[in-house]
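Take a look at the structure set out below.
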Amino acid sequence: MPDNSITVRMHSVGGWGAITTGKNLAMTLFDLLDLDIKANPKYGSEKKGQPTTYYLSAAPEPIRLNCEYHYVDVVMSPDPHVFSHSNPLGGLTKGGSFVIQSETGDAAALWESFPEYARRYIVDNDIHVYFLDGFKIAREEATNPELQFRMQGNAFQGAFFAASPLME
């Protein structure tokens, strides 16, 4: 990857709008920060309701890789149950950021809900954990249920900018 690049992986559920969120994030990074983008959604119509993954990289110069990334700087998971079907922390770089959906406002309760291996990885690799209730934000902002998935994505896009090293 080029210097000053960032790689992102998003774990979600098909039909929740994560692919749209990824596309919107890619367009924002391109339009506002003039970054070169590579994005690889991993989904299909057969995935509705099933785990799905979205990969994105952004850099100030052309990116030669176009693949599913094994090592990423930021992981976002609008799926609060991601640990039941995936290892979202796999390949998250030392000092990276993990953003997860959570209905609890209690950091200690969220921490206790993570599997032991995840807590160990977070501590050992100085992972920064952020959480938000994107569903609640969406319900408050959009009364139409279909728009709520998009609004949740907008909340996660905002969380990305708050948590990612790009803001530094």
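Predicted model only: the values in this text are computed from it and were never measured.
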Evaluate side-chain contact (heavy atoms from CB on, under 4.5 Å) for Tyr54 paired with Lys23, printing each intermediate quantity in order. CA-CA 9 Å; Tyr54 185 89; Lys23 289 176 184 177; 4.2 Å; yes
Mind running side-chain contact (heavy atoms from CB on, under 4.5 Å) on Asp106 and Leu110 for me, showing each step along the way? CA-CA 6 Å; Asp106 182 358; Leu110 177 65; over 6 Å; no
Between Thr7 and Tyr71, does a side-chain contact (heavy atoms from CB on, under 4.5 Å) hold up when you go through it step by step? CA-CA 8 Å; Thr7 51; Tyr71 302 100; 6.0 Å; no
Walk me through it: do Val8 and Val72 pass the test side-chain contact (heavy atoms from CB on, under 4.5 Å)? CA-CA 5 Å; Val8 181; Val72 295; over 6 Å; no
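From Met76, atom CE reaches atom CG of Leu56 across 8.0 Å, with rounding to the nearest 0.5 Å. Summarising the geometry, atom CG belonging to Asn87 is positioned 5.5 Å from atom CG belonging to Leu89; distances are rounded to the nearest 0.5 Å. Here Tyr55 contributes atom OH and His70 contributes atom NE2; the two are 7.5 Å apart, rounded to the nearest 0.5 Å. We find the CZ-CG distance between Phe160 and Asn24 to be 13.0 Å, quoted to the nearest 0.5 Å. Atom CG in Leu92 sits 9.5 Å away from atom NE2 in His128 (nearest 0.5 Å). The OG1 atom of Thr93 sits 4.5 Å away from atom CG of Asp73, with the distance rounded to the nearest 0.5 Å.
Of all heavy-atom pairs spanning Thr104 and Phe131, the tightest one is O-CE1, 3.3 Å. Of all non-hydrogen atoms in Pro2 and Ala59, the two that sit nearest each other are CG-CB, 3.9 Å. Of all heavy-atom pairs between Val82 and Ser77, the closest is CB-OG, 3.3 Å. The two residues Thr21 and Met10 have their closest heavy-atom pair at CG2-CE, 4.0 Å. Summarising the geometry of Ala138 relative to Gln152, their closest heavy-atom pair is CB-N, 3.6 Å, with the distance given to 0.1 Å. Closest heavy-atom contact between His11 and Thr53: ND1-OG1, 4.1 Å.
More than 12 heavy-atom neighbours from other residues, nucleotides or ligands sit within 6.0 angstrom of CG on Asn66. For Tyr117, the OH atom counts as densely surrounded, since its 6.0 Å shell holds more than 12 non-hydrogen atoms of other residues, nucleotides or ligands.
There is a side-chain donor-acceptor pair under 3.5 Å between Gln101 and Asp133. Side-chain contact annotation: Ser12 with Asp79, donor-acceptor N/O pair under 3.5 Å absent. A side-chain donor-acceptor contact under 3.5 Å links Ser57 and Tyr69.
At distances below 3.5 Å, not a single donor-acceptor pair connects side-chain atoms of Ser5 with backbone N or O atoms of Ala58.
The aromatic rings of Phe83 and Phe114 lie tilted to each other, with the angle between the two planes from 30° to 60°.
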